[in-house]
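I'd like to ask you about the structure that follows.
One is the number of the first residue; the rest follow in order along the sequence. Just the heavy atoms: all of them, side chains too, but no hydrogens, waters or symmetry mates, feed the values below.
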Amino acid sequence: MWKSVQRAATATVHLVVAAAMCFGVYLFITVLLIAAIGTVAVVGCWLLPEAVLLIRRIAGAKRNLTALWTGREIPEAYTPMTGTLRERLRISVRDPGTLRDFRWMVSYYLYGALLVLALPLWPVGLVVDGVWAGALRRDPVVLPLIVKLADTEARWSTALLMPSPKARLARRVEELKETRADAIAAHEAELRRIERDLHDGAQANLVALSMRIGLAKRAYDRDPDAARRLLDDAQDQAEQALAELRQVVRGIHPPILTDRGLVGAVRALASSSGLTVGVEDGGLDAGTRAPAAVEAAAYFVVAESLTNVAKYSGADRAEVRLARTRRGLTVRVRDEGRGGADESAGSGLLGMRRRVAALDGTFEVTSPAGGPTVIDVELPCVW
């Protein structure tokens, strides 16, 4: 009984907010009439784009309210309102989202006040369900009707505010363009990093090696001891060049990732990070492998995150959690450091976001001042 009362109270709050928004929509009809009359009279045609933008904000608030109740986000798909007044007027009239929002607003005049049906159910429900559920130990029958009213209101709003398949497809194309641009930018940055590492590391060592071998050849006949020392130095230089090349190869794709899988590679990374890192495999250690690109992106996120923890957070501990989900692979890295992580500060967060976006994944950072910092990544894949 108590759970039914709580659920009905939550539903009533949702219906109260919905009714208040409906009352605001009733008042907004005045703005629409002024904008329509001004557009017809030409002199006030600038009002129409502003009214459409205001409708978008109201519809956006309704989407957020409905998402809070249902737990499912309602996407937006609008043509950006930019350009000259003529272009803005054309977008206002031709954008399919405008017609959809207007249709929702007209419908909302009718169903937005479902609160008037919910309020009379409270006294009846408290009496009937109080006896039926409280005394007779049966399931409540009246208070759940309030929840059903809230569900109905949210379901109708979702159906009316959901963009059309064509609009969702267009929005998806735009998102893919953005992620493709980010992927190209990340790829170019990676190529520049590899080129810089080769130029400053292995190439410099190989040039020095060539010079030492040349000096040893010249000194071989007249000073064998000096030639031997130069050859010893050349051997050290060759070993250093090989180490630099191995480091560059690991940056491209760590061999340990291929040999031991994501969990083994992350554990090896954690043991060499200089931090106390707890690693949860989430069932991935049972021979389950994600696609190579997904494993590489997850490894990169963990490596960069642990580097940030060691450099900036001031914490000596971190937690890494890998988990297989129905939709893909999730990665969480958490530390109890000072927090305040900022993507614009050059801490590698932007590079991680781009690499995850290239695989159509999601990347979220929560880092309030004082900590903790939590990085959540979801990479879609087929198991």
Side-chain angles (χ1 to χ4, degrees), residues 174-202 244-258 262 265-270 272-275 277 279 290-315 318-323 328-335 337-368 371-381:
E174 292 299 322
E175 290 177 354
L176 290 176
K177 287 182 180 178
E178 294 175 3
T179 56
R180 179 177 178 272
D182 288 341
I184 292 174
H187 179 67
E188 291 178 349
E190 189 70 9
L191 288 178
R192 288 194 297 269
R193 182 191 66 80
I194 294 171
E195 182 182 2
R196 184 176 62 251
D197 291 345
L198 288 173
H199 182 272
D200 297 342
E244 293 284 349
L245 287 173
R246 292 192 190 99
Q247 188 66 30
V248 172
V249 170
R250 291 191 188 98
I252 298 173
H253 186 85
I256 192 174
L257 191 59
T258 302
L262 179 60
V266 168
R267 284 176 176 161
L269 187 65
S272 62
S273 65
L275 303 168
V277 182
V279 179
V294 173
E295 285 192 340
Y299 180 87
F300 175 80
V301 167
V302 175
E304 192 68 28
S305 299
L306 293 181
T307 300
N308 290 343
V309 173
K311 284 185 177 180
Y312 308 114
S313 73
E319 298 176 3
V320 178
R321 187 178 187 280
L322 309 171
L329 173 69
T330 61
V331 180
R332 165 171 283 199
V333 183
R334 175 189 174 99
D335 70 81
R338 62 176 61 96
D342 184 7
E343 289 191 31
S344 62
S347 58
L349 294 175
L350 182 58
M352 286 189 275
R353 182 180 293 279
R354 284 176 172 174
R355 182 167 291 215
V356 171
L359 297 175
D360 205 20
T362 59
F363 179 88
E364 295 182 4
V365 180
T366 304
S367 184
T373 297
V374 181
I375 295 177
D376 285 308
V377 172
E378 183 176 358
L379 296 165
C381 67

- Spacing of Glu319 atom CD and Leu275 atom CG [to the nearest 0.5 Å]: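 Reported value, rounded in 0.5 Å steps: 12.5 Å.
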
- Task: For Phe363 and Arg353, work out which heavy atoms get closest and say how close.
- Result: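 That closest heavy-atom pairing would be O-NH1, 3.2 Å.
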
- Nearest 0.5 Å please: distance from the CZ atom of Arg332 over to the CD atom of Glu364.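 Spacing of CZ (Arg332) from CD (Glu364) equals 9.5 Å.
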
- Is there a side-chain contact (heavy atoms from CB on, under 4.5 Å) between Val333 and Met352 once you walk through the steps? CA-CA 13 Å; Val333 183; Met352 286 189 275; over 6 Å; no

- Can you find a heavy atom in the side chain of Val277 that is under 4.5 Å from one in the side chain of Val266?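 No, every pair of side-chain atoms sits at 4.5 Å or beyond.
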
- Leu257 versus Leu262, closest heavy-atom pair with distance: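 In terms of heavy atoms, the two residues are closest at CD1-CA, 3.7 Å.
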
- Item | Spatial distance of atom CG (Leu306) from atom OG (Ser313) [nearest 0.5 Å] |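 Here the interatomic distance stands at 10.0 Å.
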
- Item | Closest non-hydrogen atom pair, Ala290 against Glu295 |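 Of all heavy-atom pairs spanning Ala290 and Glu295, the closest is N-OE2, 3.6 Å.
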
- Item | Pairwise distance CG(Leu379) to CG(Leu329) - rounded to 0.5 angstrom |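 Between atom CG of Leu379 and atom CG of Leu329 there are 5.5 Å.
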
- Grab the two heavy atoms, one from Ile375 and one from Ser305, that are nearest each other, plus how far apart they are.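 Closest pair (atom of Ile375, atom of Ser305, distance): CD1-OG, 3.4 Å.
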
- Query: Nearest 0.5 Å, what's the OG1-CZ distance between Thr373 and Arg338?
  - Reply: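 Between Thr373 OG1 and Arg338 CZ, I get 10.0 Å after rounding to 0.5 Å.
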
- Given side chains that start at C-beta, do those of Thr330 and Asp376 come closer than 4.5 Å, heavy atoms only?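 Not in contact.
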
- Do you know the tightest heavy-atom contact between Val331 and Ala298?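 Nearest heavy atoms, Val331 then Ala298: CG2-CB, 3.8 Å.
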
- Item | Which atom of Ser367 lies closest to which atom of Ala341, heavy atoms considered |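 Distance-wise, the nearest heavy atoms are OG-N, 2.9 Å.
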
- Separation between OG1 of Thr307 and CG of Leu269, rounded to the nearest 0.5 Å: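 The distance works out to 7.0 Å.
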
